[in-house]
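See below for the structure under consideration.
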Amino acid sequence: MSNQTVSPGALLAGRYRIAELLAEIDGARVWRAVDEVLSRAVVVDVLPVGDPRTNLLFDAARRAAAANDPRFLRVLDCDMHDGVTYCVREWAGGRSLERMLGTGPLTGQQAGWLAREVSEALENLHRTGYAHGAISPATVIITDAGAIKVVGVATEAALRSSGAGSPEEDVHALGELLFASLTGRWPGPAPAWGLQPAPVEHGRLLSPRQVRAGVPRSLDDISDRLLGDPPRHHAPPITSAAGLSAALSGVVGSSHEPPNQMDETVQVARQNGSIDDATQVVPQAGPPALDPTPRPTYDAEPNGYRPPQPAYNAAAETRPVRRQTPPPSNGNGRRRHDEPKPKGSWGGRILILLAILALLSVIAMAQFLLKGAMNNDQDSNSGGAKSSAPPQTSTTPSATGGPAKIVGAKDFDPKPDGNGEEHPEDVPNTYDGKASTTWTTMSYSKANLGGQKPGVGIIYDLGAPTTVSKVAVAVQGDDTSLQLMVPKADPNTSPTTVDGWKPVATQADQPEGTVNLTPSAPTETRYVLVWLTKLPKDSGGKYRGTISEVSIQK
């Protein structure tokens, strides 16, 4: 048997029924097959007779056996049959990162979470002394359930004759993967993996935030520490998977649950006006469940490989579909003779409308008479003197009681102590009414913000001077210290320096939950500043504050 005689329907080594060609790599062929002993789908790499990579593949398969992290697809078998060398690996249905990036970059949360998952898997592999050797958008799979799987530990590098690689090369490749996920561009001098090269300036790669607006600064810094030569602002480079895992955990957390982006996507689309209430999103159908019976086509993209000539139809792209009014029964806008008439008539509807208008008129008249009577009583009680108070203007404090409306907010990290920005893109999450959305500070080495600055926070704009009696702040993490501050001088002006604010309520070392900041007396102001002065410790050993929701009471 030769590489050329291994074809769909053939039985390899008396066990693996060949089903579908997935890819060709320098003469090696990658097949989807069915293990007829265990009735499960697998991937089989096949080298032709006498291929010089045979020993490399055997050695790579032995090294891959040391990768026991569940995010790596395991090597199940490696042997020779009729002169053909084959290597059998686990199957994973889903989409490769290469294919996902073909439709555009990921969100910051998606990109950071994906890179952290791969870095944690590599961290475990590097402890054994081995490396993957071929990390790329094609070897990272997002399964149908949203989990991350890494394809071809050691074996991918053997098929490509690129050498065993090193942990440092794996980390650099993961930096390229993070950059591409954030920007949709490849950080190299030439196109790669279906992406155009990222721009450079004066021979230096631009940072993700310079390439694409909206990239979180924290992920921009991590990307620069991976690929910058040297990193900007004298930041220390990240050269190990362990260091990268810790840095990313400080930004996206340590949860292994994939981020749910459907609600966020719809919310952002509504905010941008790209969909409205008459629009519904039709989700893309997921690939079907694995069927051990060989089929001529398969809808999922397996293990990062695209067939040289795809034997499946691409799934339809997700797009908004506007609801359409059902067409008339006979197609010309007229009702058929046998179609029942709608209930009621125009005459009846007009009578109902007139009755409603009459009722509203009676109510309005009653309110007018009642208000006049009350005014007469007040005039008589005050000796007939009429009020000379001026009409209310936009600078008059709003009525007390109930929640105050927040019309806008912005992060506050004034220079020179701060860098002028603390995740501004996430500030709206603190007053969107959803406890699941949050704003976080940057990560710091100490609870007192590394001793670099007195604090960071968010300024809330109430639109007009409002009597503020209490501010409730929902925080995450224990031992958070925070203050409620208002402008020292003009309450209609938002100070640009810390000295321009004065504290009116303080709570120190608060546990996770809702913290009530209550001034000693209600304060009239248009702007309020929620100011964090001590941050809780996160799972990555760094310190950062998190606010999920803020409510301001009149």
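Position 1 is the first residue of the sequence, and the numbers go up from there.
Here the side chains of Val200 and Leu206 are not in contact, with every heavy-atom distance at 4.5 Å or above. Between Leu484 and Val528, the closest side-chain pair of non-hydrogen atoms falls below 4.5 Å. Residues Arg95 and Ile141 form no side-chain contact, since every pair of their non-hydrogen atoms from C-beta on lies 4.5 Å or further apart. Using a 4.5 Å heavy-atom cutoff, the side chains of Asp170 and Leu174 are not in contact. Side-chain contact between Leu482 and Thr533 is absent, with no heavy-atom pair separated by less than 4.5 Å. In this structure, the side chains of Pro536 and Tyr543 stay at 4.5 Å or more apart for every pair of heavy atoms. The shortest distance between side-chain heavy atoms of Val475 and Thr546 does not fall below 4.5 Å. Within the 4.5 Å cutoff, the side chain of Leu122 has heavy atoms near those of the Ile135 side chain.
Among all heavy-atom pairs drawn from Gly94 and Asp144, the shortest one is CA-OD1, 3.4 Å. In plain terms, the two heavy atoms of Pro491 and Glu524 that are nearest each other are CB-O, 3.9 Å. Annotation for Ser548 and Thr438: closest pair CB-CG2, 3.8 Å, computed over non-hydrogen atoms. For Phe179 against Ala198, the heavy-atom pair with the smallest separation is CE2-CB, 3.5 Å. Scanning all heavy atoms of the two residues, the minimum distance from Lys410 to Val427 falls at N-CG1, 4.0 Å. Contact detail for Val498 and Pro454: the closest heavy-atom pair is CG2-CG, 4.5 Å.
Proximity of a side-chain donor or acceptor of Ser443 to a complementary backbone N or O of Gly250 within less than 3.5 Å is detected. At distances below 3.5 Å, not a single donor-acceptor pair connects side-chain atoms of Thr466 with backbone N or O atoms of Val468. Put simply, the side chain of Thr107 gets close to the backbone of Gln110: a donor and an acceptor are under 3.5 Å apart. For the pair Arg544 (side chain) and Tyr444 (backbone), a donor-acceptor distance under 3.5 Å is absent. Between the side chain of Asp224 and the backbone N or O of Ser207, no donor-acceptor pair lies under 3.5 Å. Checked by atom type and distance alone, the side chain of Lys149 pairs as donor or acceptor with a backbone atom of Pro70 at under 3.5 Å. Judged purely by atom type and a 3.5 angstrom limit, Lys470 has no side-chain atom pairing as donor or acceptor with the backbone of Pro519. Remark: the backbone N or O of Glu512 is paired with a side-chain donor or acceptor of Asp478 at under 3.5 angstrom. No donor-acceptor pair under 3.5 Å is formed between the side chain of Thr525 and the backbone N or O of Thr523. Judged by distance alone, with hydrogens and angles left aside, the side-chain atoms of Asp220 form a donor-acceptor pair with the main-chain N or O of Arg209 at under 3.5 Å.
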Run the numbers on Glu422 and Met442 for side chain to side chain contact (heavy atoms under 4.5 Å, CB included), then give the verdict. CA-CA 6 Å; Glu422 285 272 335; Met442 300 294 185; 3.5 Å; yes
Report the C-alpha separation of Arg225 and His233 in whole Å, then their side-chain angles, then the decisive distance to 0.1 Å, and conclude whether the side chain to side chain contact (heavy atoms under 4.5 Å, CB included) test is met. CA-CA 10 Å; Arg225 292 173 62 192; His233 312 302; over 6 Å; no
Worked verdict on Glu176 versus Leu227 for side chain to side chain contact (heavy atoms under 4.5 Å, CB included): CA-CA 7 Å; Glu176 295 175 327; Leu227 301 179; 4.1 Å; yes
What do the steps show when you test Lys446 against Leu449 for side chain to side chain contact (heavy atoms under 4.5 Å, CB included), and what is the final call? CA-CA 6 Å; Lys446 298 179 182 179; Leu449 294 92; over 6 Å; no
Report the C-alpha separation of Glu123 and Arg116 in whole Å, then their side-chain angles, then the decisive distance to 0.1 Å, and conclude whether the salt bridge (Lys or Arg N to Asp or Glu O under 4.0 Å) test is met. CA-CA 10 Å; Glu123 179 183 353; Arg116 196 215 63 213; over 6 Å; no
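Of the inter-residue distances, the one linking Ser481 atom OG with Asp479 atom CG reads 7.5 Å to the nearest 0.5 angstrom. From Trp439, atom CH2 reaches atom CG of Asp432 across 14.5 Å, with rounding to the nearest 0.5 Å. Distance NZ/Lys534 to CD/Gln507: 13.5 Å, rounded to 0.5 Å. Taking CD of Gln476 as the start and OG1 of Thr480 as the end, the distance is 9.5 Å to the nearest 0.5 Å. Separating the CD atom in Glu120 from the CG atom in Leu244 is a distance of 9.5 Å, to the nearest 0.5 Å. Separating the OG1 atom in Thr467 from the CD atom in Gln553 is a distance of 13.0 Å, to the nearest 0.5 Å.
In this model, a donor atom of one side chain and an acceptor atom of the other lie less than 3.5 Å apart for Ser119 and Ser245. When only modelled atom types and interatomic distance are considered, Glu549 and Ser551 share no side-chain donor-acceptor pair under 3.5 Å. Residues Thr430 and Tyr460 have side chains that bring a donor and an acceptor to within less than 3.5 angstrom of each other. Tyr431 and Lys405 form no side-chain donor-acceptor contact under 3.5 Å, judged by distance and modelled atom types alone.
Heavy atoms from other residues, nucleotides or ligands lying under 6.0 Å from NZ of Lys537 number 12 at most.
For the ring pair (Phe, Tyr, Trp, His ring centres under 6.0 Å) condition, no pair includes a residue of residues 462-481, sequence neighbours left out.
Contacts of Asp461 classified as side chain to side chain donor-acceptor pair (under 3.5 Å), with partners at least two apart in sequence or in another chain: Arg526.
Taking the charged nitrogens against the carboxylate oxygens, Arg71 and Asp69 do have a contact shorter than 4.0 Å, which makes a salt bridge.
Side-chain rings of Phe412 and Trp531 approach one another, their centers coming within less than 6.0 Å.
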